[in-house]
Amino acid sequence: MSFHLLTKARKRTAFSHLLSRAFSHESQRPSRPSFGIAFDIDGVLLLGNSPVGGSPGALGKLYTADGGLKIPYVFLTNGGGFPEAKRAFELSQLLGVNVSPSQVLQGHSPFKQLVKRFENDLVVAVGKGEPAAVMTEYGFKYVLSIDEYASCFENIDPLAPYKKWTTKLAAIQNSKFNESFPRNNVFTKRVQAAFVVSDPVDWSRDIQVLCDILKTGGLPGRNVGPQPHIYFANDDLEYQTKFPSERLGMGAFRIALESIFNRIHPHCLEYTCFGKPHPSVFKNAEIVLQKLVAGLYEDFYNRNHDNTSSFKTLYMIGDNPAVDIKGARQMGHPWFSILTRTGVFKGKDNHDKFSADLVVDTVEEAVDYILAKECAS
């Protein structure tokens, strides 16, 4: 099943006066910030592995002179494929700032919520990077990457002899493979769930193997059985890389898999998608931002007794109107959406369907606007 998200119309708020200074000195310490920022990564901060839009300088303004976090922010991305700690280290190197793993919210981060449900079941992880390592770190005990799983079945991929790369080698080189889950068990133990953690690499093989798993009840080569669960970390149709035009994303892979599965199976594919623009992603980002502030200010929870947002404004800076801007706009207050022109969106004016509260050229311009508005520069 897919999520159908409704966009809530929201009137653009006109600020009649500047908000109180977010970091004024009181008793020789800064006051608690009244705002937070969520940054998309691809197309906003990076194109591939290259910074874009003055992103290193923009993020540097959110830190003190000695490198301490001054303004709470998170990376809110539908991308992934690596554990949050590894991604945080990579972002630190690319952007020149100190990034904590707790600041990295990836498309597959919500999979943590499903550990108790599938903790002791065999699950298959799909996608580029290290999908099985991601799931293992979350607490899943019996995880095989689709590379490892497919390598157990001879001839499961009829096109394998014609491919220049080899995925079997990657499975053999994984020293934990035999220790965590003996190969013989895949022929008797059903796959209970498949998780598409990041963009799949070998679409033809992955669609073939997933169809085998999903239509047979988790045992490829057997008769038709109840469909196991399948979860997608996001449903992005396209995303921006260094190539001039957008590239097909996980949403395109989901469409291809669903179309084929529905032709070969008597029942339509049932699935669940996470990631932006789903409201839960933005709610979780707000919780993480609150925790970041609580770690810096001991009186945070004493001042916030009720369940209302502790932030006057939460800024979402993104490049994809249908994902970043739609998600922030449907949340309403306190979210404020800022659309950059360095990624998917390149229009002169605002997007006609998912209009942002503000359109800027770069992320540096967005951060400068926020700091000026909040008197925190």
(message) Would you compute the distance between atom CG of Leu76 and atom CD1 of Ile317 and round it to the nearest 0.5 angstrom?
(response) 11.5 Å
(request) Applying side-chain hydrogen bond (donor to acceptor under 3.5 Å, both in side chains), name anything that partners Asp66, two or more places apart in sequence or on another chain. (result) Thr64
(request) Please step through side-chain hydrogen bond (donor to acceptor under 3.5 Å, both in side chains) for the pair Tyr315 and Glu374, ending with a clear verdict. (result) CA-CA 11 Å; Tyr315 296 94; Glu374 300 289 347; 2.7 Å; yes
(message) Within the 4.5 Å heavy-atom criterion, are Leu144 and Leu122 side-chain neighbours or not?
(response) yes
(message) Between the side chains of Glu258 and Arg254, is the shortest nitrogen-to-carboxylate-oxygen separation below 4.0 Å, so that they form an ion pair?
(response) yes
(message) Pair Phe311, Leu289 - check side chain to side chain contact (heavy atoms under 4.5 Å, CB included), show working.
(response) CA-CA 9 Å; Phe311 296 102; Leu289 285 166; 3.8 Å; yes
(request) Would you confirm whether Asp357, through its side chain, and Phe336, through its main-chain N or O, come within 3.5 Å as a donor-acceptor pair? (result) no
(message) With a 3.5 Å distance limit and no angle check, can you tell me whether Asn320 reaches the backbone of Ala322 through a side-chain donor-acceptor pair?
(response) yes
(request) Check the hydrophobic clustering (I, L, V, M, F, W, Y; side-chain heavy atoms under 4.5 Å; chains of links allowed) and say if Tyr142 and Val124 are grouped together. (result) yes
(request) Look only at the side chain of Ser109 and the backbone of Leu105, and say whether a donor-acceptor pair between them is shorter than 3.5 Å. (result) no
(request) Apply the test side-chain hydrogen bond (donor to acceptor under 3.5 Å, both in side chains) to residues Tyr231 and His108: give CA-CA distance (whole Å), side-chain angles for both, the deciding distance (0.1 Å), then the verdict. (result) CA-CA 9 Å; Tyr231 300 92; His108 48 69; over 6 Å; no
(message) Given 3.5 Å as the limit, does a donor-acceptor pair link the side chain of Asp202 with the main chain of Arg205, or not?
(response) yes
(request) Would you please classify the geometry between the Phe274 ring and the Phe111 ring as parallel, tilted or perpendicular, with 30° and 60° separating the classes? (result) perpendicular
(request) Measure across Glu130 and Pro83 and return the closest heavy-atom pair with its distance rounded to 0.1 Å. (result) OE1-CD, 3.8 Å
(message) When you compare the side chains of Tyr138 and Gln113, does any donor N or O come within less than 3.5 Å of an acceptor on the partner?
(response) no
(request) For Gln227 and Glu270, indicate whether the former's side chain and the latter's backbone hold a donor-acceptor pair under 3.5 Å. (result) yes
(message) Given 3.5 Å as the limit, does a donor-acceptor pair link the side chain of Ser145 with the main chain of Pro131, or not?
(response) no
(message) Quick test of your reading of the model: are Lys61 and Glu364 salt-bridged, counting only N-O distances below 4.0 Å?
(response) yes
(message) Is it true that Lys163 and Ser204 share a donor-acceptor pair across their side chains at a distance under 3.5 Å?
(response) yes
(request) Report yes if the side chains of His265 and Leu214 come closer than 4.5 Å at any heavy-atom pair, otherwise no. (result) no
(request) Using ring-ring contact (aromatic ring centres under 6.0 Å, His included) as the criterion, list what pairs up with Phe39, not counting sequence neighbours. (result) Tyr73
(message) Can you give me the closest heavy-atom contact between Arg87 and Ile41, atom names plus distance?
(response) NH2-CG2, 3.7 Å
(message) I'd like to know whether Val363 forms a side chain to side chain contact (heavy atoms under 4.5 Å, CB included) with Val52, so could you lay out the CA-CA distance, the side-chain angles of the two residues, the decisive distance to 0.1 Å, and finally the verdict.
(response) CA-CA 8 Å; Val363 66; Val52 66; over 6 Å; no
(request) Determine the minimum heavy-atom distance between Leu94 and Pro51, stating which atoms define it. (result) O-CG, 3.5 Å
(request) Evaluate the side-chain hydrogen bond (donor to acceptor under 3.5 Å, both in side chains) criterion for residues Arg247 and Ser245: first the C-alpha distance (whole Å), next the side-chain angles of each, then the deciding distance (0.1 Å), finally the verdict. (result) CA-CA 7 Å; Arg247 303 292 84 192; Ser245 59; 3.0 Å; yes
(request) Give a yes or no answer on whether the side chain of Ser151 reaches the backbone of Glu148 with a donor-acceptor pair at less than 3.5 Å. (result) yes
(request) Run through Ile325, Val44, Leu45 and flag the one making a side-chain contact (heavy atoms from CB on, under 4.5 Å) with Asp319. (result) Val44
(request) Evaluate the side-chain proximity of Phe232 to Ile230: yes if any heavy-atom separation is below 4.5 Å, no if none is. (result) yes
(message) Test of understanding: with side-chain contact (heavy atoms from CB on, under 4.5 Å), list the residues that count as partners of Pro200, not counting sequence neighbours.
(response) Val126, Val196, Trp203, Asp206, Phe253
(message) As a quick check of understanding, evaluate side chain to side chain contact (heavy atoms under 4.5 Å, CB included) for Met250 and Asp199, giving each step before the final call.
(response) CA-CA 5 Å; Met250 191 181 298; Asp199 292 319; 3.5 Å; yes
(request) Indicate the atoms forming the closest heavy-atom contact of Trp335 with Ala285, along with that distance. (result) CH2-CB, 4.3 Å
(request) Could you tell me whether the side chain of Arg329 and the main chain of Phe354 form a donor-acceptor pair under 3.5 Å? (result) no
(message) The criterion is side-chain contact (heavy atoms from CB on, under 4.5 Å); which residues satisfy it with Ser92, sequence neighbours excluded?
(response) Val99
(message) Can you list everything that forms a side-chain contact (heavy atoms from CB on, under 4.5 Å) with Asp212? Sequence neighbours excluded, please.
(response) Ile156, Gln208, Lys215, Pro220
(request) Without swapping roles, check the side chain of Asn262 against the backbone of Leu269 for a donor-acceptor pair under 3.5 Å. (result) yes
(message) For Gln93, give me all partners under side-chain hydrogen bond (donor to acceptor under 3.5 Å, both in side chains), at least two apart in sequence or on another chain.
(response) none
(request) For residues Ile207 and Phe261, determine if any side-chain heavy atom of one lies less than 4.5 Å from a side-chain heavy atom of the other. (result) no
(message) I'd like to check the side-chain hydrogen bond (donor to acceptor under 3.5 Å, both in side chains) partners of Glu365; sequence neighbours left out, ordered by chain and number.
(response) none
(request) Scan for salt bridge (Lys or Arg N to Asp or Glu O under 4.0 Å) pairs involving residues 111-125, sequence neighbours excluded, and state none if there are none. (result) Glu119-Lys141
(request) Looking only at non-hydrogen atoms, find the nearest pair between Gly221 and Thr216 and report the distance. (result) N-CG2, 4.3 Å
(request) Sequence neighbours left out, what pairs pass side-chain hydrogen bond (donor to acceptor under 3.5 Å, both in side chains) with at least one residue falling in residues 39-58? (result) Asp40-Lys276, Ser50-Lys242
Would you be so kind as to tabulate the donor-acceptor pairs closer than 3.5 Å made by side chains of residues 338-347, with sequence neighbours excluded?
{"residue": "Thr340", "atom": "OG1", "partner": "Thr342", "partner atom": "OG1", "Å": "3.3"}
{"residue": "Arg341", "atom": "NE", "partner": "Gly347", "partner atom": "O", "Å": "2.7"}
{"residue": "Arg341", "atom": "NH1", "partner": "Asp361", "partner atom": "OD1", "Å": "2.8"}
{"residue": "Arg341", "atom": "NH2", "partner": "Lys348", "partner atom": "O", "Å": "2.6"}
{"residue": "Thr342", "atom": "OG1", "partner": "Gly43", "partner atom": "O", "Å": "2.7"}
{"residue": "Lys346", "atom": "NZ", "partner": "Gln240", "partner atom": "OE1", "Å": "3.0"}
{"residue": "Lys346", "atom": "NZ", "partner": "Glu246", "partner atom": "OE2", "Å": "3.2"}
{"residue": "Lys346", "atom": "NZ", "partner": "Gly343", "partner atom": "O", "Å": "2.7"}

(message) Suppose we screen for ring-ring contact (aromatic ring centres under 6.0 Å, His included). Which residues come up paired with Phe82, at least two apart in sequence or across chains?
(response) none
(request) Verify, without hydrogens or angle tests, whether Asn234 (side chain) and Gly275 (backbone) share a donor-acceptor contact under 3.5 angstrom. (result) no
(request) Please name all residues satisfying ring-ring contact (aromatic ring centres under 6.0 Å, His included) with Phe153, sequence neighbours left out, ordered by chain then number. (result) Tyr149, Phe187
(message) Which label fits Phe195 and Phe118: parallel for a plane angle under 30°, tilted from 30 to 60°, or perpendicular past 60°?
(response) perpendicular
(message) Could you measure the distance from the SG atom of Cys211 to the CG atom of Leu257? Nearest 0.5 Å is fine.
(response) 5.0 Å
